[in-house]
Asks: 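Once you've had a glance at the structure underneath, I'll fire off some questions.
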2 protein chains.
Amino acid sequence: MPTREEFARQLREAQLRVTRPRLAVMAAVHDHPHADTDTIIRAVRKSLGEVSHQAVYDVLHALTDAGLLRRIQPLGSVARYETRVGDNHHHVVCRSCGAIADVDCAVGPAPCLTAADDHGYVIDEAEVIYWGYCPRCREASS
Amino acid sequence: MPTREEFARQLREAQLRVTRPRLAVMAAVHDHPHADTDTIIRAVRKSLGEVSHQAVYDVLHALTDAGLLRRIQPLGSVARYETRVGDNHHHVVCRSCGAIADVDCAVGPAPCLTAADDHGYVIDEAEVIYWGYCPRCREASS
DNA sequence: CCCCAAACTTGAATCATTCAAGAAAATTCG
DNA sequence: CGAATTTTCTTGAATGATTCAAGTTTGGGG
């Protein structure tokens with residue numbers, strides 16, 4: 001996993017101040033891929049002691065706006081975050097337990113798909129969510 | 001647009017009772033593609049008089065579970081519904097104003113895409129959201 | 001026409017997220 | 001190095017979509 005210095009460098013490059021909560025959030029999201037806000041808050045408190053939930057929300061927004069984090073939100077789920085950005089990869093979501101896994105882009109570089117009729121929209125990204133059942137749930141229900 | 005009888009038939013085929021709120025919700029969603037719940041509630045009240053918001057939520061869930069409606073929820077938006085179901089089409093969302101337009105599937109029948117590595121998941125649907133800017137916002141910002 | 005499960009009404013509760021105002025900390029510049 | 005300035009964090013309350021719960025009404029089979 002990236003070092004503390006690596007995270008700090010990313011923050012500076014994005015014109016953001018380097019603070020303990022921000023470093024902790026970066027580490028937490030890195031360690032818990034696709035984690036929801038509550039999980040991230042708990043992880044951050046585990047490493048720093050008490051931190052306000054508002055601070056975590058602020059940090060998640062700032063880092064997302066800066067492009068250091070990516071926010072995803074499958075139907076019926078709260079917001080989730082991941083550190084893997086800039087490679088336009090996608091996600092598989094289990095309909096049963098909600099587990100999420102990364103999937104590489106199926107058709108090349110972003111935007112990796114071309115709409116049949118774009119209605120005049122200028123498209124710059126195609127976000128794909130695959131729905132199905134994860135190995136564990138499939139086994140449990142058979 | 002489908003007739004009242006057409007909607008009633010769809011409800012019966014789905015083993016659901018035919019009620020005025022349900023017919024009104026079907027018509028409202030049909031008339032307001034991609035509308036959020038609040039818009040639907042207002043449209044229903046316009047045609048039926050006072051109807052509890054809870055009834056509309058119940059109906060939307062029942063119809064969605066029955067496959068008569070499809071629920072979509074782009075990042076940062078509340079739940080939206082549409083009557084076009086079963087054809088695995090996708091959506092273009094404007095990053096600026098949030099306008100949504102339908103887009104036919106680029107690669108054939110569902111699931112229209114193949115994941116590079118499915119991690120053992122059994123995938124039955126690929127949901128695609130194209131992000132970009134609609135003609136109006138593009139013009140307004142130039 | 002009667003019955004009863006399914007639907008609807010009313011009213012309160014939940015919970016993720018946001019708002020607001022002041023305190024604390026991180027860069028900048030002297 | 002130390003004060004000034006601005007960003008970030010804390011505290012505490014508010015918002016708003018959605019859900020829960022209990023009781024009433026209604027659709028449609030018998």
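All values below come from the heavy atoms of this structure, side chains included, with hydrogens, waters and symmetry mates left out. In what follows, every chain begins at residue 1, and chains take the letters A, B, ... in the order their sequences are listed.
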Asks: In whole angstroms, how far is the P atom of dT27(C) from the CZ atom of R20(A)?
Replies: 13 Å
Asks: State the CD-CD1 distance between Q73(B) and I129(B), to the nearest 0.5 angstrom.
Replies: 9.5 Å
Asks: Under 3.5 Å, is there a donor-acceptor pair between the side chain of H30(B) and the main chain of T83(B)?
Replies: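 Between the backbone of T83(B) and the side chain of H30(B) there is no qualifying donor-acceptor contact (under 3.5 Å).
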Asks: Specify the separation, in whole Å, of atom CG of L75(B) and atom P of dA16(C).
Replies: 17 Å
Asks: Give a yes or no on whether a donor-acceptor pair under 3.5 Å exists between the nucleobase atoms of dT6(D), that is its base, and the side chain of R17(A).
Replies: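 Looking at the base of dT6(D), it does pair with a donor or acceptor on the side chain of R17(A) (distance under 3.5 Å).
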Asks: Would you mind telling me which of dA16(C), dC8(C), dT10(D) lies closest to the side-chain atoms of V59(B)?
Replies: dC8(C)
Asks: Whole angstroms only, please: what is the CG-P distance between L11(A) and dA25(C)?
Replies: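 It is 18 Å, rounded to the nearest whole Å.
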Asks: From NE2 of H53(A) over to C1' of dG12(D), roughly how many Å is that when rounded to an integer?
Replies: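 Checked: the NE2 to C1' distance equals 8 Å.
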Asks: H61(B) NE2 to dA6(C) P: how many Å, rounded?
Replies: 18 Å
Asks: With the side chain of T19(A) defined as its heavy atoms from C-beta on, choose the nearest nucleotide among dA7(C), dC9(D), dC20(D).
Replies: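 Of the candidates, dC9(D) comes closest.
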Asks: Closest approach to the side chain of Q54(A), judged atom by atom: which nucleotide of dT9(C), dA20(C), dT18(D) is it?
Replies: dA20(C)
Asks: A79(A) near the nucleic acid: base, sugar-phosphate alone, or nothing, with a heavy-atom cut-off under 4.0 Å?
Replies: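 Sugar-phosphate contact only - A79(A) comes under 4.0 Å of backbone atoms but never of a base.
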Asks: Can we call the ring centroids of H91(B) and H89(B) under 6.0 Å apart?
Replies: yes
Asks: Figure out the CG/C1' separation between L63(A) and dT8(D), and round it to whole Å.
Replies: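 Rounded to whole Å, this separation is 12 Å.
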Asks: Give the nucleotide from the list dA17(D), dT17(C), dC9(D) with an atom nearest to the side chain of Y57(B).
Replies: dA17(D)
Asks: When hydrophobic residues are tied together by side-chain contacts of less than 4.5 Å, even through go-betweens, does V51(B) share a cluster with V25(B)?
Replies: yes
Asks: Of the candidate nucleotides dG11(C), dT27(C), dT18(C), which contains the atom at the shortest distance from the side chain of V18(A)?
Replies: dT27(C)
Asks: If you check the D58(A) side chain, which of dT9(C), dT10(D), dA13(D) turns out closest?
Replies: dT10(D)
Asks: When the distance from CG of L23(A) to C1' of dA26(C) is rounded to whole Å, what number comes out?
Replies: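 In whole Å, dA26(C) C1' lies 12 Å from L23(A) CG.
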Asks: Are more than 12 heavy atoms from other residues, nucleotides or ligands located less than 6.0 Å from atom CZ of R9(A)?
Replies: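 Result for CZ/R9(A): enclosed.
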Asks: Here's a test of your reading of the structure: between V56(A) and T37(B), which maps to the more 5' nucleotide of DNA chain D?
Replies: V56(A)
Asks: Given atom CG of L48(A) and atom C1' of dT10(D), what is their separation to the nearest angstrom?
Replies: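 To the nearest whole Å, that distance equals 14 Å.
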